[in-house]
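Working notes, beginning with the structure itself.
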Amino acid sequence: MLFLALETSCDETAAAVFTDELAVVSSVVASQTELHARFGGVVPEIASRAHLRNLLPVIDEAIGRAGIALADIGCIAVHHTPGLVGALLIGVSAAKMLSLALGVPLIGVNHVASHIFACRLAAEGDIYPCIGLVVSGGHTALFHCDTALSLQLLGGTRDDAAGEAFDKVAAILGLGFPGGPAVEREAALGNPRAHAFPRSFRDDARLEFSFSGLKTAVLYSCHGQDVSKAVPPPAGPKRADLAASFQAAVIDVLTVKCKQALRQTGLKRLAVGGGVTANKALRAALQEMCEKECAELFIPPMNLCTDNAAMAALAVEKWKRGEFAGPELDAEPNFL
Ligand code: KG4
Ligand code: ZN
C-alpha cells in the first residue's frame, strides 16, 4: 500500500511517498529560505503563496521519483497541525482534493509528533515508549511518548523556541537567515566559556524552557543596554565567542532537561527531532549524556531532522487503527 504525504506547515513545501511498512520511496522538499532571507524570518503570506506555487510541482516530482502514477496511491496524509494557518491550509486543501479525486482515505497528522516519528523511520526497530524532544523554529517541548500516537506533554517553552533563538541571535550577530547553521559555523571558531549566559530553568525540576532572556543577554553583550543606538554587529573573535557561548547555553539546557525527563520518568530511550537537532554539537552532547545515563538515543539523519513529508509516515499508525479524517479536516495552528 502506498501513501502520499504533504507538508506545508511553515517554509518548506514537501511531498513524500512511503509504504505501509515504513519504506520511504521518495521524498521531495522545496525550501523557501531565499524568499524569506531578506526579511530575516518567515513571512506568513509569502510562505502561503510559495506553497501554492510549489506544491503541485513537488507532488509531481515525488510521484515521478517513486516511478508510480497518482492512481497507485491508496491513502493521502497531510500535516494539518501545528504551524502557520495560511500555510497549513494549502496542504490541507490539496490533500482533501486528492483524497476526493482518487477516492482514497485521508489522514491528518500532527507535525510535532511526526518530528519524533522521524526517529522511528530511521531506526531498525521500535523506539516507543520514549522521551521525545522536539526542537525546531516553532517548538521546544518534551513529551512522554507511550506510543507513536500517545504523547503527553511534559513541558515546553514559555517564550521563544530554541530554533527561533538561533535565528534571532544570528540576526543580532549579522550572520543572516536561517540562523541555526550560520551560528553553528561561527560557534566552531569561538570559546564557549567566554560569556556566562543565562540558562533558564536549568537547575529547576520543572521541565520547562525559556530562551528570551538568553537572546536579550546576547543583544546586551553586543550593544550594551541602550539598544536604541545603532551599533554594527560584532566581528572576528568577539562574534565567534558570542556565538559559541550562546550555543553552549542552549545545548546545556536542552541536554540537562532531557536527562531530567529520563530520570523523572524512568524511561531509557530518548528520541529527538526538529531542525535544531541538525546541530552537531547538540547531537554530540545528547549522545554523551545518554551514554552516561545508559539510555538509548535516537536522532534521525539530517534530511529527516528539518521539515519534510516522509516523517508523516506516522499516518501508517493511524491507518492501522482506522483513524481517518473526513472532509471537515481543518488546519489547526496551535499544538493539539
Ligand atoms: O523543524 P524545522 O525545519 O522547522 C520548524 O518546524 O520550525 O526547524 C527550523 C529551525 C530554524 O530555527 C533553524 O535555524 C534551526 O531549525 N536549525 C538549526 C540548525 N539547522 C537548522 N539550529 C541550530 N543548529 C543547526 N545546525
Ligand atoms: Zn518542523
Side-chain angles (χ1 to χ4, degrees), residues 112-145 151 153-157 160-166 169 179-181 183-185 187-188 192-193 197 199-211 214 243-308 311:
V112 169
S114 286
H115 268 306
I116 296 168
F117 194 75
C119 295
R120 169 68 188 89
L121 269 188
E124 301 277 306
D126 202 4
I127 65 162
Y128 302 96
C130 65
I131 292 295
L133 169 73
V134 178
V135 259
S136 68
H139 300 276
T140 300
L142 275 164
F143 298 91
H144 182 147
C145 313
L151 274 60
L153 182 67
L154 296 173
T157 181
D160 292 351
E164 194 180 347
F166 266 95
V169 164
V183 171
E184 180 173 18
R185 279 193 298 275
R193 291 190 192 84
F197 285 140
R199 285 146 160 82
S200 304
F201 290 110
R202 185 192 184 279
D203 303 312
D204 190 305
R206 286 172 294 177
L207 299 171
E208 312 260 351
F209 303 89
S210 163
F211 295 104
L214 170 59
S245 303
F246 160 77
Q247 181 176 276
V250 175
I251 292 175
D252 185 21
V253 169
L254 292 174
T255 308
V256 166
K257 288 291 145 193
C258 286
K259 181 166 82 180
Q260 288 176 341
L262 288 167
R263 287 189 179 177
Q264 285 178 23
T265 58
L267 290 169
K268 286 290 177 194
R269 286 164 163 176
L270 174 66
V272 299
V276 181
T277 49
N279 186 290
K280 291 188 199 68
L282 173 63
R283 294 165 88 94
L286 289 172
Q287 188 65 54
E288 192 185 328
M289 180 276 289
C290 281
E291 275 165 23
K292 283 191 188 141
E293 296 295 308
C294 299
E296 213 175 338
L297 175 66
F298 299 95
I299 308 187
M302 299 287 189
N303 60 332
L304 284 175
C305 284
T306 47
D307 285 349
N308 65 87
M311 65 188 189

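Counting from 1, the numbers follow the sequence of the chain as shown.
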Side chain to side chain contact (heavy atoms under 4.5 Å, CB included) partners of A118, counting only residues at least two apart |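 Listed in chain order: P300, L304, M311.
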
Contacts of type side chain to side chain contact (heavy atoms under 4.5 Å, CB included), residue A281, not counting sequence neighbours =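 Scan of A281 (side chain to side chain contact (heavy atoms under 4.5 Å, CB included), adjacent residues dropped) gives Q247, I251, N279.
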
Do [X] and [Y] have side-chain heavy atoms sitting under 4.5 Å apart?
X: E164; Y: F211; result: no
X: R283; Y: M302; result: yes
X: L154; Y: I131; result: yes
X: E296; Y: C290; result: no

Please report the closest heavy-atom contact between [X] and [Y], naming both atoms and the distance.
X: G132; Y: C145; answer: N-SG, 3.8 Å
X: P129; Y: L267; answer: CB-CD2, 4.0 Å
X: M289; Y: C258; answer: CE-CB, 3.7 Å
X: E184; Y: K280; answer: OE2-N, 2.7 Å

Answer yes or no: are there more than 12 heavy-atom neighbours, outside K268 itself, under 6.0 Å from its atom NZ?
->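 Yes, enclosed.
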
With rounding to the nearest 0.5 Å, note down the distance linking CG in L133 to CD1 in I116.
->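 The CD1 atom of I116 is 8.0 Å from CG of L133, to the nearest 0.5 Å.
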
Can you label the angle between the F246 ring and the F166 ring as parallel, tilted or perpendicular, going by 30° and 60°?
->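 Plane angle over 60°, so perpendicular.
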
